[in-house]
J.: 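Please read through the structure below; I'll follow up with questions.
All values below were derived from every heavy atom in this structure, side-chain atoms included, with hydrogens, water molecules and symmetry-related copies excluded. Note that this is a predicted model, so its numbers are computed, not measured.
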Amino acid sequence: MAKVARLSKRVLTSSIPFSPRPHLLRHISAAAATATELEAPRPPPLRKITESPDRVKWDYRGQRLIIPLGQWNPKIAVDAYVAPNVVLAGQVIVYDGASVWNGSVLRGDLNKITVGFSSNVQEKCVLHAAWSSPTGLPANTSIERFVTIGAYSLLRSCTIEPECIIGQRSILMEGSLVETNSILEAGSVVPPGRRIPAGELWAGNPARFVRTLTHEETLEIPKLAVAINDLSRSYFSEFLPYSTVYLEVEKLKKKLGVTI
């Protein structure tokens, strides 16, 4: 039996095909890969791009502050503060001491928009105008002096007389009128053609009469506008009128050899 077992073991060993060892397989595959790399054409080297010395180094997103439309060009007073990311388009006038804060859009493509003396339009407000007003009056969006427009408000072809406060997220539709020394609470909606009489507090959707303002409350309205105007002075000092003219100046200085 032992002899038969030895013979069967020899037969099985001789029938198993030869298989190379693992380290031999690695050497063969590496040699084949090297031969393939030598035969394959190499791609051309990448062209190195050098930056222009006049390239702006900061993040510029192409936001345009002033957008002329046809013959209409937005006008900003010398001492008015307009935040860098505000959009003024078409027939827009920002008067002395006024301020328009970050993210607001004043679109005067259909009719004129005016922001009066020492008035302020706070963050993310949208002001635009319709072709016509249901009252038959001009469809301009007019904000008179010492008016405060709360953030996220929408004004469309409305008139706000001097010394008023419009609360945050308020909506004033076409032909609406807010008379002098009035306050509109936050989140109020003034329907088209609605008039808010002088010296009153209105609120709600649609806006309704709440009560008559006291004399002391009416005196505080212009003080708020002046306080925001004073606050805008600190922002105004941080921003200078900017354009691409400085690039031409740098080129001229380099050409003339000026080191100043």
J.: Other residues, nucleotides and ligands only: do more than 12 of their heavy atoms fall within 6.0 Å of CZ on R145?
T.: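 Counting neighbours around CZ of R145, 12 or fewer heavy atoms of other residues, nucleotides or ligands fall under 6.0 Å, so no.
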J.: Give me the ring orientation class for Y81 and Y235: parallel if the planes are under 30° apart, tilted from 30 to 60°, perpendicular past 60°.
T.: tilted
J.: Applying side chain to side chain contact (heavy atoms under 4.5 Å, CB included), can you list everything that pairs with T214, at least two apart in sequence or on another chain?
T.: E216, E217
J.: Using only atom types and a distance under 3.5 Å, with no angle test, would you say the side chain of S142 pairs donor to acceptor with the backbone of T114?
T.: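 Side chain of S142 to backbone of T114, a donor-acceptor pair under 3.5 Å: no, none is there.
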J.: Whether the side chain of N111 engages the backbone of W131 through a donor-acceptor N/O pair (distance < 3.5 Å, no angle test) should be reported.
T.: yes
J.: Is V115 close to V147 at the side-chain level, that is, under 4.5 Å between some pair of heavy atoms?
T.: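 Not in contact.
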J.: Kindly write out the residues that satisfy side chain to side chain donor-acceptor pair (under 3.5 Å) with E185, not counting sequence neighbours, or none if the list is empty.
T.: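 E185 satisfies side chain to side chain donor-acceptor pair (under 3.5 Å) with no residue once adjacent residues are dropped.
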J.: Rounded to the nearest 0.5 Å, how far does CD1 of I166 lie from CG of L155?
T.: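 Rounded to the nearest 0.5 Å, the CG-CD1 separation comes to 6.5 Å.
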J.: For the atom pair SG (C125) and CG (L106), what is the distance rounded to the nearest 0.5 Å?
T.: 8.5 Å
J.: Kindly write out the residues that satisfy side chain to side chain contact (heavy atoms under 4.5 Å, CB included) with D109, not counting sequence neighbours, or none if the list is empty.
T.: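 By the side chain to side chain contact (heavy atoms under 4.5 Å, CB included) rule, D109 matches L69, R107.
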J.: Quick check on the hydrophobic clustering: are I149 and V226 connected, directly or via other members, by side-chain heavy-atom contacts under 4.5 Å?
T.: no
J.: With sequence neighbours left out, write down each residue that passes side chain to side chain contact (heavy atoms under 4.5 Å, CB included) with T180, or none if nothing qualifies.
T.: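 In terms of side chain to side chain contact (heavy atoms under 4.5 Å, CB included), with neighbours along the sequence ignored, T180 is linked to E161, P162.
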J.: State, with a plain yes or no, whether a side-chain heavy atom of T141 is found less than 4.5 Å away from one of I160.
T.: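 In short, these two side chains do not touch, never coming nearer than 4.5 Å.
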J.: Filter on ring pair (Phe, Tyr, Trp, His ring centres under 6.0 Å), then keep only pairs touching residues 159-182, sequence neighbours left out; what's left?
T.: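 Listed once each, the pairs would be none.
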J.: Working to the nearest 0.5 Å, report the span between CZ of R211 and CD1 of I183.
T.: 7.5 Å
J.: Sequence neighbours left out, cut at 3.5 Å: what donor-acceptor pairs do the side chains of residues 86-96 make with other protein atoms?
T.:
none

J.: Do the side chains of I165 and L213 join up, straight or via other hydrophobic residues, at under 4.5 Å, putting them in one cluster?
T.: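 Yes, same cluster.
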J.: If you take all heavy atoms of E123 and S104, which pair is closest and at what distance?
T.: C-OG, 4.0 Å
J.: Nearest 0.5 Å, please: how far is CG in D230 from OG in S99?
T.: 10.5 Å
J.: Sub-3.5 Å donor-acceptor pair from the side chain of N85 to the main-chain atoms of G103, do we have one?
T.: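 Flag set: sc N85 to bb G103 pair under 3.5 Å.
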J.: Output every pair passing ring pair (Phe, Tyr, Trp, His ring centres under 6.0 Å) with a member in residues 152-176, not counting sequence neighbours, ordered by first then second residue.
T.: none
J.: Using only heavy-atom distances, determine whether the side chains of T148 and N120 contain a donor-acceptor pair under 3.5 Å.
T.: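 Checked: T148/N120 side chains pair up, N/O donor to acceptor below 3.5 Å.
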J.: What heavy-atom pair brings A198 and E179 nearest, and what distance separates the two atoms?
T.: N-OE1, 3.1 Å
J.: F117: what forms a ring pair (Phe, Tyr, Trp, His ring centres under 6.0 Å) with it, not counting sequence neighbours?
T.: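 Applying ring pair (Phe, Tyr, Trp, His ring centres under 6.0 Å) to F117 gives F146.
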J.: If you compare all heavy atoms of S176 against all heavy atoms of V190, which two are closest, and at what distance to 0.1 Å?
T.: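 Result for this residue pair: CB-CG1, 3.5 Å.
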J.: Which atom names give the shortest non-hydrogen contact between S153 and G167, and what distance separates them?
T.: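 Closest heavy-atom pair between S153 and G167: OG-O, 3.2 Å.
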J.: List in chain and number order the residues that pass side chain to side chain contact (heavy atoms under 4.5 Å, CB included) with L219, two or more places apart in sequence or in another chain; answer none if no residue qualifies.
T.: H215
J.: Using the rule that two of Ile, Leu, Val, Met, Phe, Trp, Tyr join whenever any of their side-chain heavy atoms come within less than 4.5 Å, decide whether F209 and L177 are in one cluster.
T.: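 They do not share one cluster, since no chain of ILVMFWY contacts under 4.5 Å joins F209 to L177.
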J.: Quick test of your reading: applying side-chain hydrogen bond (donor to acceptor under 3.5 Å, both in side chains), list the pairs with at least one residue in residues 199-210, sequence neighbours left out, ordered by first then second residue.
T.: E200-W202
J.: Determine, stepwise, if the pair I113 / N140 fulfils side chain to side chain contact (heavy atoms under 4.5 Å, CB included).
T.: CA-CA 6 Å; I113 298 175; N140 302 337; over 6 Å; no
J.: So do the side chains of D79 and R233 get within less than 4.5 Å of each other, counting heavy atoms only?
T.: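 Contact flag for D79/R233 side chains = yes.
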J.: Considering only Ile, Leu, Val, Met, Phe, Trp and Tyr, and joining two whenever side-chain heavy atoms are under 4.5 Å apart, list the other residues clustered with V189.
T.: V126, L154, I171, M173
J.: Could you grab the distance from atom SG of C158 to atom CZ of R194, nearest 0.5 Å is fine?
T.: 14.0 Å
J.: Heavy atoms, side chains only, cut-off 4.5 Å: are I76 and I66 in contact?
T.: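 With C-beta onward as the side chain, the pair touches.
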J.: Could you list the cluster mates of W72? Members are the ILVMFWY residues connected by side-chain heavy atoms closer than 4.5 Å, either directly or through other members.
T.: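 Reading the cluster by chain and number, W72 sits alone, since nothing else belongs.
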J.: When you measure from the side chain of T159 to the backbone of V178, do you find a donor-acceptor pair of N or O atoms at a distance under 3.5 Å?
T.: no
J.: Check whether any side-chain N or O of S157 sits under 3.5 Å from a backbone N or O of A139 as a donor-acceptor pair, and report yes or no.
T.: yes
J.: Answer yes or no: is there a donor N or O on one side and an acceptor on the other, between the side chain of S119 and the main chain of A98, under 3.5 Å?
T.: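 Answer holds: no.
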J.: How many angstroms lie between atom OG of S182 and atom CD1 of I196, to the nearest 0.5 angstrom?
T.: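 Result: 6.5 Å between the selected atoms.
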